[in-house]
Every structure is written in C-alpha cells, then in structure tokens.
Amino acid sequence: MLSMSNVSPSPGTPMAASPLTRACLEIDEYAAGLGWDKPARLFALVDTARLKKQEPRLASQLGLDTDDAGQSSLTPIEQDTVPSGTPLDKFLGTIAWPDAVVGCALTVERLMLPPSAEASVPEGLSDKQLSKWVAGHPERQEVRITVAVLRDGSRESAVRLREKDSSTEVLTGGGLVPGLAEALAATFA
C-alpha cells in the first residue's frame, strides 16, 4: 500500500444504501475532490468492524476510531498507483488480494458515447483507431467510472459526467459497467 485514504461519507450518500453502494459513492466523491484528468485509482475494501478489531492503530490513522453503533460498513484503502502505459486488463490480471480484503474498487476516467452514436461506429477499427474516433466524436462525454465488487459477487458502479460534475448527478447501478466489474471480480479468483 502506498497510500491509504479515509473516504468520508459524502453529504449526498443515501443512508439506506447498501455498504457497497456507500463505499462506491464515497470513492467517487473522493476522486471528485481530486479533480479531473487523473490516473486510475485502485482501492481495497475491508470490513470496517474487522479492521477496528484487528488493526486498531491503522483504524485510528484512518479516522475510524469513532463508534458507528455496529453499522455494517466497508472502508476503502487506496493502493499503489495503477501503472500508466499498462493496459488496465493486464494490470488487473496481476492482482491477488489477501483474505482480509472483502472487495475492491477502481475509479477511472473514460470517453463514452450515447447509445444513439454507438450505431455509427465504423467496423474493423483497432483499439487505437476506435479511441481516436471516439475522442473526435461531437457527442462524446467525459465520465469518471467507479466500480466496486465484493468477493461474494456483489457489484456496484457510479458514473459521473464531467459536464454534470455534482454528487447529486451521479448515476449508480450494479450493471452499469459489466466488463470492468468482471475484471475486478476476477482479481479474487
């Protein structure tokens, strides 16, 4: 671990949300606080109660020494920097988590097209050509995607558009970014 972050709950995080949804939104809010045009960030997700019990000094460093009345929660811990220049799928294929890690999350910025524009994508483009074509498309959207998965298969995603950069405008759902969720889940295999 290079750095650890105590991601404090964002004011817009729904209280009724699952611990995984809350963790995903907290990571999104943390990334939003850093600004745009940042590299991908990887987080281990640990059970907060277990962390407090087994690693009280670390929990204290992370600001987790207050009592949450036994509420089930996850603590995101930022990992070493994702190496630039390495394809994300190749990097994720090198990860193995210790048993104390109950899940993981990744936040990454990408360009997306609306569904109406996807029909006009030229066939037979290489990945590099496709990226260039999307970057030049007038309907492209810059987004920050945060995907979180647990060992038990639970998944959550948060998508934030750069043009609507507000915690009240973040779209969430377990099936929003299935390919990335699969890649993160494979780190537990």
Side-chain angles (χ1 to χ4, degrees), residues 1-5 7 20 23-46 74 76-115 117-163 165 170-189:
M1 278 180 261
L2 176 65
S3 62
M4 290 168 252
S5 70
V7 183
L20 185 59
C24 192
L25 288 170
E26 289 169 6
I27 292 168
D28 168 76
E29 193 67 24
Y30 169 74
L34 299 173
W36 287 87
D37 303 317
K38 301 295 183 199
R41 291 184 136 63
L42 180 67
F43 297 82
L45 299 176
V46 297
L74 299 168
I77 301 175
E78 189 171 357
Q79 302 299 290
D80 290 339
T81 305
V82 176
S84 62
T86 303
L88 204 50
D89 57 342
K90 188 172 245 181
F91 168 71
L92 292 175
T94 66
I95 295 174
W97 298 104
D99 291 339
V101 174
V102 297
C104 65
L106 181 83
T107 184
V108 63
E109 295 177 16
R110 291 290 184 258
L111 293 177
M112 286 179 50
L113 294 176
E118 290 178 12
S120 64
V121 175
E123 303 244 348
L125 296 179
S126 68
D127 287 345
K128 195 173 200 173
Q129 293 169 319
L130 179 60
S131 294
K132 187 175 180 179
W133 185 85
V134 170
H137 197 283
E139 294 180 72
R140 74 186 177 281
Q141 296 278 336
E142 290 181 72
V143 298
R144 181 179 303 111
I145 301 165
T146 303
V147 177
V149 300
L150 296 179
R151 284 185 188 271
D152 70 7
S154 302
R155 298 167 182 205
E156 187 60 77
S157 304
V159 178
R160 181 186 291 247
L161 295 171
R162 188 171 190 158
E163 74 175 28
D165 193 3
V170 175
L171 179 64
T172 60
L176 296 177
V177 193
L180 187 51
E182 282 295 321
L184 286 172
T187 66
F188 293 105

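Just so you know, these numbers use all the heavy atoms, side chains as well, and skip hydrogens, waters and symmetry mates.
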Least distance between heavy atoms, F43 atom then T107 atom: CE1-CG2, 4.1 Å
pair L74-V46: side-chain heavy atoms closer than 4.5 Å: no
Non-hydrogen side-chain atoms of I145 and L106 separated by less than 4.5 Å: no
The single option from L150, T172, V177 that satisfies side chain to side chain contact (heavy atoms under 4.5 Å, CB included) with E156 is T172
To the nearest 0.5 Å, how far apart are CD1 in I95 and CG in L184? 7.5 Å
Work out which heavy atom in A181 is nearest to a heavy atom in V149; give both atom names and the distance. O-CG1, 3.6 Å
Atom CG in L180, atom CZ in R110: separation rounded to 0.5 Å? 8.5 Å
Looking at every heavy atom in both A32 and R144, which two are closest together, and how far apart are they? CA-NH1, 3.5 Å
On a heavy-atom basis, the closest approach of D28 and A158 is CB-CB, 4.3 Å
Return the CG to OG distance between L111 and S131, rounded to the nearest 0.5 Å. 8.0 Å
Is E109 salt-bridged to K38, going by a charged N under 4.0 Å from an acidic O? no
For I27 and R41, run side-chain contact (heavy atoms from CB on, under 4.5 Å): C-alpha distance rounded to whole Å, both residues' side-chain angles, the deciding distance at 0.1 Å, then the answer. CA-CA 10 Å; I27 292 168; R41 291 184 136 63; over 6 Å; no
Taking all non-hydrogen atoms of both residues, which atom of W133 and which atom of V121 are closest, and how far apart? CZ3-CG2, 3.5 Å
Rounded distance [0.5 Å steps], CD in E123 versus CG in L130: 11.5 Å
Hey, could you give me each pair passing side chain to side chain donor-acceptor pair (under 3.5 Å) that has a residue in residues 87-100? Not counting sequence neighbours. W97-T187
Kindly give the heavy-atom pair with the smallest separation between S157 and V147, and that separation in Å. OG-CG2, 3.8 Å
Contacts table for residues 136-143: side-chain donor-acceptor under 3.5 angstrom, sequence neighbours left out:
unit_1	atom_1	unit_2	atom_2	d
H137	ND1	E139	N	2.9
R140	NE	A135	O	3.0
R140	NH1	A135	O	3.2
R140	NH1	H137	O	2.8
E142	OE1	R162	NH1	2.8

Sequence neighbours excluded, which residues qualify as ring-ring contact (aromatic ring centres under 6.0 Å, His included) partners of W36? none
Do P76 and Y30 have side chains that approach each other closer than 4.5 Å (heavy atoms only, starting at C-beta)? no
Under 3.5 Å, is there a donor-acceptor pair between the side chain of Q129 and the main chain of S126? yes
Please evaluate residues D80 and L42 with respect to the criterion side-chain contact (heavy atoms from CB on, under 4.5 Å), reporting the C-alpha separation (whole Å), side-chain torsions for both, the decisive distance (0.1 Å), and the verdict. CA-CA 7 Å; D80 290 339; L42 180 67; over 6 Å; no
Quick one, V170 and V159 - any side-chain contact, counting heavy atoms below 4.5 Å? no
